[in-house]
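Structure first, then comments.
First the proteins, then the strands, lettered A, B, ... as listed; each starts at 1. Everything numeric here is computed off the predicted structure, so don't read it as measured data.
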There are 2 protein chains.
Amino acid sequence: MDVRKSGGADRSGGRGAARQPRATQADRRARTRAALLESAARGLSRYGYGNLRLEQVAQDAGYTRGALYHQFTGKQELTLAVTEWVLDTWWQEVGVLVERAPDPVAALLTLARGHAVYCRRDIARVAMALRLEFAGQDHPVGRAIEQGYRDLLDRCTALIEAAREGGAIPDGPDGPPAGTLALAFVGAIEGTSIALSGHAPHDAPLVARAAAGALGLTYDPGEHPAPDRTAHRRTTRRGTS
Amino acid sequence: MDVRKSGGADRSGGRGAARQPRATQADRRARTRAALLESAARGLSRYGYGNLRLEQVAQDAGYTRGALYHQFTGKQELTLAVTEWVLDTWWQEVGVLVERAPDPVAALLTLARGHAVYCRRDIARVAMALRLEFAGQDHPVGRAIEQGYRDLLDRCTALIEAAREGGAIPDGPDGPPAGTLALAFVGAIEGTSIALSGHAPHDAPLVARAAAGALGLTYDPGEHPAPDRTAHRRTTRRGTS
DNA sequence: TAACATACATACATGGATGTACGTAAGAGC
DNA sequence: GCTCTTACGTACATCCATGTATGTATGTTA
């Protein structure tokens with residue numbers, strides 16, 4: 001009921017992010033929101049939606065459930081925000097590289113390697129965990145995830161069709177349709193990336209090899225240099241003290 | 001499995017499985033247990049452990065929670081029983097084929113194709129769903145799943161090492177260790193199999209291609225004939241009378 | 001058919017997580 | 001300075017799923 005404030009520690013509201021003695025409201029709000037989003041992403045990645053406890057999310061971010069409910073209407077909206085954030089991040093880090101690729105095959109293999117690098121973070125499994133958890137349901141979170149997945153599949157399908165027309169991907173008479181190939185391609189990338197999470201630097205080339213195999217190509221590592229800059233370090237630890 | 005031989009409607013207790021007017025207690029018990037296990041496997045595959053509702057499990061099997069708690073001590077034991085059942089089934093259907101393979105590479109590719117075929121059923125995702133859900137936790141179910149997964153990885157690692165010694169799998173100086181390759185191999189298989197679930201007959205060759213790619217080989221479909229007998233039909237629909 | 005055990009249903013108790021209402025401190029405009 | 005709004009914590013209410021206790025019908029054995 002009463003919170004003593006005499007001790008000099010812990011000003012500027014939450015202690016999840018850096019503390020500035022003179023923070024504007026918008027700053028506080030943005031920092032708190034970011035901390036909660038990151039914590040929720042980590043939690044969703046580890047435990048999934050159903051097992052996620054908002055008390056734990058808030059505590060990991062350095063707040064209480066009160067702060068969380070002040071920023072989000074509830075668990076669902078929080079998860080939707082995390083979803084949007086993760087998809088945006090993916091696009092900024094991986095999608096951009098794919099767009100710059102000179103040809104369809106290079107784009108597909110860049111996608112594979114880029115996703116492997118992206119998955120080095122602990123939030124990697126958010127998308128897959130939510131997609132599995134809500135598969136076949138009719139839940140807003142499931143729809144959002146499924147929409148992102150469908151976009152990715154469409155893009156891969158288009159790239160595969162282009163590569164087939166150019167003769168870069170073999171296309172026998174009884175070969176699978178491009179959409180099925182895209183499913184296999186994305187599935188191979190996701191499965192391998194998650195399995196190899198935490199096994200850099202072998203992750204990227206192995207994921208690319210599996211993805212290339214699904215497409216019916218042989219992967220030449222020299223042909224397309226790895227996109228790995230430095231291993232990602234964000235969202236791995238939260239600042240304490 | 002079910003032979004009704006008399007017109008009497010709905011005797012012998014539960015109506016989930018076949019009904020026999022003169023069923024012995026052991027028969028009733030076994031049938032009920034099987035129906036509950038199958039229903040639970042389907043539920044776990046779709047919703048995972050946390051989101052699984054025992055009321056729904058019992059109802060889908062044609063019983064109430066009372067029957068479930070009479071056969072199992074609770075959710076955990078039920079899930080452990082499902083886990084054991086799924087792993088046993090996998091071994092009987094896939095593991096046997098792998099053991100019969102003439103050489104390590106054939107064994108690995110047989111494993112890939114066999115798993116794809118195994119995943120045509122709707123209980124395919126049980127193992128992966130539980131493994132993701134309990135990853136990093138210390139839960140009995142997680143331990144059981146992890147144990148099965150570790151056995152699989154060990155076996156694949158041994159096969160990969162044997163294939164490398166025989167020169168069948170390339171092994172460069174800075175190539176990944178066999179354990180890492182096994183992770184990639186299994187991950188590629190799991191991801192591709194789940195993504196292609198419901199896309200027969202392309203599933204098996206595509207999974208094999210992705211798995212072969214992870215190993216650094218090119219997959220020749222003619223070299224190892226597909227193991228697909230007929231598509232599995234068990235555990236796909238429940239009788240509703 | 002009398003007694004006992006088993007299979008299963010029904011009703012109740014409990015706990016844990018969500019969501020809501022309310023209270024307090026701190027920024028923002030005057 | 002005063003007032004309003006925002007950020008956040010605390011306490012309460014509610015719901016839902018599990019687990020348990022009890023009741024009933026059916027097999028089983030004498």
Side-chain angles (χ1 to χ4, degrees), chain A residues 1-17 19-36 39-40 43-44 47-59 61-79 139 141, chain B residues 8-17 19-36 39-40 43-44 47-79 139 141:
Chain A
M1 189 187 289
D2 84 293
V3 185
R4 55 216 144 301
K5 65 175 187 66
S6 52
D10 193 2
R11 283 186 54 83
S12 87
R15 50 186 204 285
R19 52 180 85 155
Q20 290 176 327
R22 270 287 170 183
T24 176
Q25 296 273 65
D27 272 352
R28 283 181 69 183
R29 184 174 183 87
R31 280 174 201 282
T32 304
R33 191 182 172 89
L36 289 170
S39 172
L44 286 170
Y47 310 113
Y49 185 84
N51 295 332
L52 185 72
R53 282 187 283 270
L54 298 185
E55 171 97 37
Q56 182 80 17
V57 170
Q59 190 175 326
Y63 298 91
T64 66
R65 280 174 46 245
L68 197 155
Y69 275 97
H70 181 64
Q71 301 258 2
F72 306 94
T73 65
K75 195 176 189 178
Q76 176 172 309
E77 197 194 271
L78 172 66
T79 306
H139 191 281
V141 173
Chain B
D10 199 356
R11 283 179 57 87
S12 86
R15 50 190 203 283
R19 46 183 92 152
Q20 286 179 325
R22 270 286 167 181
T24 178
Q25 297 271 64
D27 272 353
R28 285 181 67 183
R29 185 174 183 84
R31 282 175 200 282
T32 304
R33 189 181 173 88
L36 289 171
S39 171
L44 285 170
Y47 311 113
Y49 184 84
N51 296 332
L52 184 72
R53 282 186 286 270
L54 298 185
E55 170 97 35
Q56 181 81 15
V57 170
Q59 189 175 326
D60 279 11
Y63 299 90
T64 67
R65 281 173 45 243
L68 198 155
Y69 275 96
H70 181 64
Q71 300 258 3
F72 305 93
T73 65
K75 196 177 190 178
Q76 177 172 309
E77 195 194 273
L78 171 67
T79 305
H139 191 280
V141 174

Residue-phosphate contact under 4.0 Å: B/Thr64 side-chain N/O, C/dT10 OP1/OP2: no
Taking any heavy-atom pair under 4.0 Å as a contact, classify A/Leu78: base, sugar-phosphate, or nothing. nothing
5' precedence on DNA chain C between B/Leu68 and A/Gly74 (nearest-nucleotide basis): B/Leu68
Contact class for B/Leu52 (heavy atom, under 4.0 Å): base, sugar-phosphate, or nothing? sugar-phosphate
With a 3.5 Å cut-off and heavy atoms only, can you find an N or O donor on one side and an acceptor on the other between the side chain of A/Arg65 and the base of C/dG19? yes
Over how many whole Å does the gap from A/Glu55 atom CD to D/dC12 atom P extend? 16 Å
Are OP1 or OP2 of C/dC8 and a side-chain N or O of B/Gln71 less than 4.0 angstrom apart? yes
Between A/Arg33 and B/Tyr69, just flag the one whose closest nucleotide in DNA chain D comes earlier from the 5' side. A/Arg33
Rounded to whole angstroms, how far apart are OH on B/Tyr49 and P on D/dA17? 15 Å
Would you name the heavy atoms of B/Gln71 and B/Thr32 that are closest together and state the gap between them? NE2-CB, 3.5 Å
Round to a whole Å and report the spacing from CZ of A/Phe72 to C1' of C/dT18. 16 Å
Can you tell me if the side-chain N/O atoms of A/Thr32 get under 4.0 Å from OP1 or OP2 in D/dC8? yes
Just how far, in rounded Å, is P of C/dG27 from CG of A/Asp27? 12 Å
Would you tell me if any nitrogen or oxygen in the side chain of B/Thr73 comes within less than 4.0 Å of OP1 or OP2 on D/dG19? no
Please state whether the phosphate of D/dC8, meaning OP1 or OP2, lies under 4.0 angstrom from any side-chain nitrogen or oxygen of A/His70. no
Find out whether B/Arg53 and B/Tyr47 are in side-chain contact, i.e. whether some heavy atom of one side chain is under 4.5 Å from a heavy atom of the other. no
Given atom CD of A/Gln76 and atom C1' of C/dA17, what is their separation to the nearest angstrom? 16 Å
In whole angstroms, how far is the P atom of D/dA17 from the CD atom of B/Gln56? 10 Å
With a 4.5 Å cut-off on side-chain heavy atoms, are A/Leu54 and A/Tyr69 touching? yes
Distance below 4.0 Å between B/Arg28 side-chain N/O and C/dA7 OP1 or OP2: no
Quick check for you: to the nearest 0.5 Å, what is the distance between A/Thr79 atom OG1 and A/Leu44 atom CG? 5.0 Å
Side-chain atoms of B/Lys75 come closest, of D/dT18, C/dA7, C/dA28, to D/dT18
In Å and rounded to the nearest 0.5 Å, what is the CZ to CG distance from B/Arg33 to B/Leu68? 10.0 Å
Quick one: A/Arg29 CZ to D/dT5 P, roughly how many Å, whole number? 16 Å
Whole angstrom value for the distance that separates P of D/dC8 from CD of A/Gln59: 16 Å
